[in-house]
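Since the structure comes first, as structure tokens, the remarks are kept for the end.
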2 protein chains.
Amino acid sequence: MNKEAIAENLRAHTLKVTPQRLKIVESLNTYGHLNIDMLYREVKESHPNVSLATVYKNLAIMTQNGLLEEVKISGHKSVFEVKKAPHIHLHCSRCGKIEDIEIDLSYVKAEAEKRSGYIVSGSEAVMVGVCPECRHNR
Amino acid sequence: MNKEAIAENLRAHTLKVTPQRLKIVESLNTYGHLNIDMLYREVKESHPNVSLATVYKNLAIMTQNGLLEEVKISGHKSVFEVKKAPHIHLHCSRCGKIEDIEIDLSYVKAEAEKRSGYIVSGSEAVMVGVCPECRHNR
DNA sequence: TATTTAAGGATAAAGTTTATCGTTTACTGG
DNA sequence: CCAGTAAACGATAAACTTTATCCTTAAATA
Ligand SMILES: [Mn+2]
Ligand SMILES: [Mn+2]
Ligand SMILES: [Zn+2]
Ligand SMILES: [Zn+2]
């Protein structure tokens, strides 16, 4: 995804297009899921005197506006990602890697609604385990 | 669940039985899911000069030892609960309530393993929505 | 009941997040 | 383009959260 497409996405969410924001979204496009410290380091590479507060403020507003999503991972700092089609997460407990996988949870949702009386509007799921690479390297 | 059963549970996890720990587990038995502030307030009621550090230390050690579990809820502080059979969570976005529901995720797990090559050892899932009470009261 | 050691309380230190405020920059409309 | 406006930025203080330290207290053991 190129800069102009990212800028489009920012404008679509009524956010001004700034170099810092472009870099945040670019980094997320490249790496998938990053926490605040990783993002701060990323942005600093191209904008050495960016303020940490800027990264905080941008993650907050971009998450509120639905451009980004926060993913809470047990035992780690939250990571952020660009919002995309619903999916669940795989978390490798060895190397810490986080992967997306599209598995349909509508059965779980339907079952939860039926048995609880809730009306469910969203869901988050994380499966924890060991990735193939970590398994092979001992 | 009575005090002696809780004490048993603590001993089973090689933890000394202290009044502060009893109160923490009692409160969790009563209310289900509580965050650190709620637990601090709870323990203070019966032990007015408990230190916040004691609550932190106990939640950490009891979670490490597998007596408690931490549940990360989007947009809120983590809540803790007494470890029990695997289950998923329902979170009401109106009143904040958190409920347990036992829904089998083995299909999701199997599918994730098959398609990713991971070996999955655990999972966490939260369904967000509106509970029946909140729905009825407008 | 004495001994040992984990746990508690008080509080300092460290770490994280948010608020403030003056300056800069992106956008708008002429 | 350019000027005006509001949003965003950087710097930094303040607030808030969590962990570490250290001395005292109390639970377990025999
Ligand atoms: Mn993802
Ligand atoms: Mn639960
Ligand atoms: Zn791995
Ligand atoms: Zn509700």
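Side chains included, hydrogens not; waters and symmetry mates left out as well; all remaining heavy atoms used. Proteins get letters first, then strands, A, B, ... in listed order; numbering begins at 1 in each. What you are looking at is a predicted structure, and each value in this text was computed from that prediction instead of being measured.
Residue A:L59 contributes atom CG, which lies 11 Å from atom P of D:dC9 at whole-angstrom precision. Note: CD (A:Q20) to C1' (D:dA7) measures 12 Å, nearest angstrom. Regarding B:E8, its CD atom lies at a distance of 15 Å from the C1' atom of D:dA27, rounded to whole Å.
Evaluation of the salt bridge (charged side-chain N to carboxylate O under 4.0 Å, His left out) test over residues 28-47 of chain A, restricted to residues two or more places apart or in two chains, returns A:D37-A:K77. Applying the salt bridge (charged side-chain N to carboxylate O under 4.0 Å, His left out) test to pairs two or more places apart or on separate chains, none has a residue in residues 49-63 of chain B. Within the structure, salt bridge (charged side-chain N to carboxylate O under 4.0 Å, His left out) pairs that include any residue of residues 20-36 of chain B comprise B:K3-B:E26 (at least two apart or interchain). A salt bridge (charged side-chain N to carboxylate O under 4.0 Å, His left out) check over residues 47-56 of chain B, counting only residues at least two apart or in different chains, returns nothing.
Applying the under-4.5 Å side-chain rule to Ile, Leu, Val, Met, Phe, Trp and Tyr, the cluster around A:Y118 extends to A:I88, A:L90, A:I101, A:I103, A:L105, A:Y107, A:V108, A:V120, A:M127, B:I88, B:L90, B:I101, B:I103, B:L105, B:Y107, B:V108, B:Y118, B:V120, B:M127.
Evaluation of the ring pair (Phe, Tyr, Trp, His ring centres under 6.0 Å) rule for B:H89 yields B:H33, B:H87 as partners, not counting sequence neighbours.
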Distances under 3.5 Å between nitrogen or oxygen atoms of protein and nucleotides 3-5 of chain D:
none

Could you run down the sub-3.5 Å N/O contacts of the protein with nucleotides 19-21 of chain D?
none

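The stretch residues 66-74 of chain A has no heavy atom under 4.0 angstrom from DNA chain D at all. Contacts with DNA chain C (heavy atom under 4.0 Å) in residues 31-50 of chain B: B:N49, B:V50, listed by number.
Each end of the helix from C:dT1-D:dA30 to C:dG30-D:dC1 yields a helix axis from five base pairs, and these two axes differ in direction by 60° (to the nearest 10 degrees).
With a cutoff of under 4.0 Å to any heavy atom of chain A, the contacted region of DNA chain C is bounded 5' to 3' by C:dT16 to C:dC27.
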